[in-house]
Novice: 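I am attaching a structure below and will ask some questions about it afterwards.
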2 protein chains.
Amino acid sequence: MARRAAPVLHRDNPDKEPLSGHVKVTPEDWLNVARDLLVSEGVAGVKVLAIGERLGVSRSSFYWYFKSRKHLLEALLDDWEARNTAPILDHCDLPAANISWAVCNFFRCFVDPDLFDASLDFAVREWSRRDGKVRNRIDAADAQRLAAVTAMYERHGYSAYEAEARARILYFMQCGYHALEVREPMQARTARLEGYLLGFTGVHPDPEAVAAARAFAQGKMPR
Amino acid sequence: MARRAAPVLHRDNPDKEPLSGHVKVTPEDWLNVARDLLVSEGVAGVKVLAIGERLGVSRSSFYWYFKSRKHLLEALLDDWEARNTAPILDHCDLPAANISWAVCNFFRCFVDPDLFDASLDFAVREWSRRDGKVRNRIDAADAQRLAAVTAMYERHGYSAYEAEARARILYFMQCGYHALEVREPMQARTARLEGYLLGFTGVHPDPEAVAAARAFAQGKMPR
DNA sequence: ATTTCTCTGGACAAGACTGTCCAGGATCGC
DNA sequence: GCGATCCTGGACAGTCTTGTCCAGAGAAAT
């Protein structure tokens, strides 16, 4: 009896469009729902049955696309890394007239959900507490991001020592904000940036920081 | 057949010493191990069987002390609230010569695990993402803590607006630090405080901030 | 010593989840 | 059309979990 080949992660023809006119799912469908569940329920909530139900598909169909739940989780981790690493590094490298605008650039990542999925980031962070491999990967990501912010401060004239301290304040504060899942309207959030910039640039009142923060809060983007 | 009364949360004589010379557990034992598991494994890891095994006791014994797993979780939440709320508020209210020392006082909570159990705090925070009731309680705790830090800045001469901004920077940064579970020796941690204080007080170099941070890093306590 | 109360262990039922096996419908290449 | 291949549904086994029931050991009360 000719049995099928061992299940693979992706179909043999991944570039092909989904087969027309019939209810079928793709590995991406499984992955997307899995990501949703990871964010909303935690890694323990990423259950094969739950995903299948939401897709309207039998549970056993899953094992055609993924070898096991463990392989799905690995794919999920790769997916996260591909999404949430680059945007922060890119925005730190953006040219800016002064440090206040540079900080605004950094903030922009965390304000725009298309640029950086904070919920996903924290779901992975939570997951990392229970899995050493995940922990290592997110540690590497944090190190990269901190290095990028530090370099940003250094480009604007801060010493290595002070650049690192301010980078940590900035990045940790932003992570803390998301860790606490502060619930406030976007307007309140951007309005607070002025205060933050004052806190960061320190010399109060700093006309440059005030101008940058007010403009940013009104939707103007740097440069 | 005379059956026992319905299981209660605590024994009828809670003030009495544990029965001598015999292996018995107390509700506190169950609670302590449950707290450990909450921190290390997350709320999903708080399993009756796992706790019982670590106590060297049968699983069914649990149901003598607690009505159900749900009741254990409620007790766990009360326990957290009793531990981690007061210390921060107290340390924010401590008298300090200047704002730098006041910030040092605040940092002291987060440096000393006896004063504030950050791991427990974040375990509860993670738990709150999946449970609305937990979420409400931790939101209230965050609001109280932020208000205390804000009041601290105001007592040292900052305007209400700037006090709130700096309080948020300070508290969020600290939470972010713990959310990322930065792994570094205590020495490196306190040594960085100087940089942080510079960042917070802003006017650089600020002799007061430098003096406070250096003294604090060397183990000297405020006042 | 006897009774009563407190607490534990073992057996049981029920439900949730993972992973396997296989029949067979749907679709594609020819 | 027709065979080969892709994909799904249903049944099954095995494991882990919570919660119940009850016999009975051990300490305390009398």
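Reckoned from all heavy atoms, side chains included, excluding hydrogens, waters and symmetry mates. First the proteins, then the strands, lettered A, B, ... as listed; each starts at 1.
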Novice: Please step through salt bridge (charged side-chain N to carboxylate O under 4.0 Å, His left out) for the pair R83(B) and D79(B), ending with a clear verdict.
Specialist: CA-CA 6 Å; R83(B) 280 169 189 266; D79(B) 172 76; 3.2 Å; yes
Novice: Do you know which two heavy atoms are closest between C109(A) and P87(A), and how far apart they sit?
Specialist: SG-O, 3.6 Å
Novice: Are any of Y65(A)'s side-chain N or O atoms less than 4.0 Å away from OP1 or OP2 of dT8(D)?
Specialist: yes
Novice: Please identify each residue that fulfils side chain to side chain donor-acceptor pair (under 3.5 Å) with S119(A), with sequence neighbours left out.
Specialist: none
Novice: Enumerate the ring-ring contact (aromatic ring centres under 6.0 Å, His included) contacts for residues 31-62 of chain A, please, sequence neighbours excluded, ordered by first and then second residue.
Specialist: W30(A)-F62(A), F62(A)-F66(A)
Novice: To the nearest Å, give me how far apart CD (E41(B)) and C1' (dT17(D)) are.
Specialist: 15 Å
Novice: Which protein N or O atoms sit under 3.5 Å from an N or O of nucleotides 17-20 of chain C?
Specialist:
from	atom 1	to	atom 2	distance (Å)
dC17(C)	OP1	K47(A)	NZ	2.9
dT18(C)	OP1	V48(A)	N	3.3
dT18(C)	OP2	V48(A)	N	3.3
dG19(C)	OP2	Y63(A)	OH	3.3
dG19(C)	OP2	R69(A)	N	3.0
dG19(C)	N7	R59(A)	NH1	2.8
dG19(C)	N7	R59(A)	NH2	3.4
dG19(C)	O6	R59(A)	NH2	2.3

Novice: Pick one: which of R135(B), R168(B), R125(B), R137(B) meets salt bridge (charged side-chain N to carboxylate O under 4.0 Å, His left out) with D142(B)?
Specialist: R125(B)
Novice: What heavy-atom pair brings R145(B) and I88(B) nearest, and what distance separates the two atoms?
Specialist: CD-CD1, 3.6 Å
Novice: Starting at atom CH2 of W64(A), determine the distance to atom C1' of dG9(D), rounded to an integer number of angstrom.
Specialist: 15 Å
Novice: May I ask you to evaluate whether S58(A) reaches the phosphate of dT8(D), defined as a side-chain N or O under 4.0 Å from OP1 or OP2?
Specialist: no
Novice: What's the CG-C1' distance between L72(B) and dT17(D), to the nearest Å?
Specialist: 15 Å
Novice: Whole angstroms only, please: what is the CD-C1' distance between E53(B) and dT17(D)?
Specialist: 12 Å
